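Computed from a predicted structure; not experimentally measured. Just follow the structure's listing: the first ligand is 1, and inside any ligand the first atom is 1.
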Amino acid sequence: MPINILKTLLPGKVSFEEKDLLFHAGDFWPRKLLIQRLGQKLILPKAVVRPQSVEDIQTLLTWANKEKVAVIPYGGGSGVCGGTQVLEESVSLDLRGLNKILEIDENSSTVRAQAGILGPDLEDVLNKKGFTLNHFPASFHISTLGGWISTRASGQLSTGFGSIEDILLALKVVLPNGHLLETKLTPRSSTGPSLNHLFLGSEGTLGVIVEATCQMYRVPSEREFLSFSFQTLSEALLAIRTLVQKNIFPAVIRLYDEVDTQMALSEIGLQASGNLLVLMFQGEKEMVEAQKSVAQKIFSQKGLSLGEKPASHWWEHRFDLNEKKVAQILSQEGMILDTLEVATTWNHLETLYLEMKKVIESEITVLAHFSHFYMTGGSIYFTFVGSTEEKEVLNKYDAVWDKAMEACLKVGGTISHHHGIGLLKKKWIQKELQEGWSVLSQIKKTIDPNAILNPKKLL
Ligand SMILES: Cc1cc2nc3c(=O)[nH]c(=O)nc-3n(C[C@H](O)[C@H](O)[C@H](O)COP(=O)(O)OP(=O)(O)OC[C@H]3O[C@@H](n4cnc5c(N)ncnc54)[C@H](O)[C@@H]3O)c2cc1C
């Protein structure tokens, strides 16, 4: 690979240092951490490029396209599916140097920022001006705006304020041939298929997102909490469906299954059987009171009120189970831990839960919560955790995923609600998308005929 030329093309912006290469060998995919624990070697990128401008990225891609060198866009590296994992001779393109907020338009409620900005750096500036993005993935502190868009991320307040696709308004993308594509900033348009949506979830395979304009909200004046316990999951799900189908969407609705409930309640020294439901309402006082009062009426019919504490405690500790804790657990011999996030319509939601739980618990301990709700359905977030003989960890890990994904597809669920595909779910994406897969593959071939952008991943 004629890689040394990069030093001349992008002077001072290229690193060949071992620790840089190792950091960029992949993301936070638990299987990668298991592989490292087992002492197996990761493939390292040949170089890490840190652009300071859009032109730097255009220079890199124009060169890479000519030389047919693979380039892997790298945001915060918090992905959990192996989206940035190196598979062949590649250059890692670290976007975190592109981290400026370029414009805040208070009249239009929009913010334009560079794609490498981390969650807190964007949110803190907005908060000082009285605004918020209302987009808080649990990885908020270590993930970037470009990464959120590339993975179609979803945050903790998605029930109230939608996911990244609901707040994204416009994009700037460097295409594999080095050309710059810009979508128009407008509240909506009817100018053919949405190009924003082409890049949402494209996982670095179609272009490098360099800038995005998002919708922002006013910082809420009021935030209130409610918690309930339900004897059965069915009763709780029915109550939630009743609420959201009245078009009432609290900022947060989280329903824990029995195993997850015991974990959540033990943290605050509370005891209650059944399924814990926590709710957070935010906005203008009158609105919050109105939403709360309808919710209280619906949830009190079958649920037992547990007051504010479980919900406010969750809110205060919502970032506690972070990447460091997960890495610490996965550093222990024999340990396995990962999460699966699936979704389906109300008709199938409980069946999806039961079927996936059944196959996962035939292998390992599993707990779950439902945390993103829609008029039409919801998502389920399973955590599987346990230990086995060290030499068996990869087999066990793969067996859980195989069984869980097959069960999900059989019931008609989507294999990913918000983490994306990466390497982890590549095996099942064709089965889910069917003819859509060949359409996406054709698009990839047209935009990236030399297959330089994140090859052998999603597309
Ligand atoms: C502890 C923890 C909690 C998490 N919680 C959530 C959660 O609540 N919700 C959620 O949705 N996800 C969550 N995730 C997953 C992860 O944080 C998200 O997928 C996040 O959106 C990834 O952003 P990133 O900047 O780290 O991207 P990376 O991991 O660096 O990259 C992800 C993918 O996007 C591509 N990419 C990155 N930046 C660009 C760009 N500018 N242009 C083109 N392609 C690009 C990469 O090539 C890769 O394929 C969590 C992860 C961890 C470790």
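- Residue contacts with ligand 1: G207 is included, with a non-hydrogen atom under 4.0 Å away.
- The residue V326 has no part lying near ligand 1, judged by heavy-atom distances below 4.0 Å.
- The aromatic rings of H418 and Y381 lie parallel to each other, their planes meeting at an angle below 30°, with 60° marking the opposite boundary.
- Residue H419 approaches ligand 1 through these ligand atoms, each under 4.0 Å from one of its heavy atoms: 12 (N), 13 (C), 14 (N), 15 (C).
- Taking 4.0 Å as the cut-off between side-chain N and carboxylate O, D56 and K13 count as a salt-bridged pair.
- Ionic pairing of E406 and K431 is present here: one or more N-O contacts between side-chain nitrogen and carboxylate oxygen are shorter than 4.0 angstrom.
- Ring geometry for W148 versus F140: interplanar angle under 30°, hence parallel rather than tilted (30 to 60°).
- Considering each of A115, S150, A138, the one bringing a non-hydrogen atom nearest atom 36 (N) of ligand 1 is S150.
- Under a 4.0 Å criterion applied to the non-hydrogen atoms of A153, ligand 1 contributes the atoms 11 (O), 21 (O).
- Salt bridge annotation for K444-E203: absent, with no cationic side-chain nitrogen under 4.0 angstrom from a carboxylate oxygen.
- Of all atoms in ligand 1, listed by their number and element, those nearer than 4.0 Å to a heavy atom of G83 are 48 (C), 49 (O).
- Remark: distances from the non-hydrogen atoms of G77 to ligand 1 include one below 4.0 Å.
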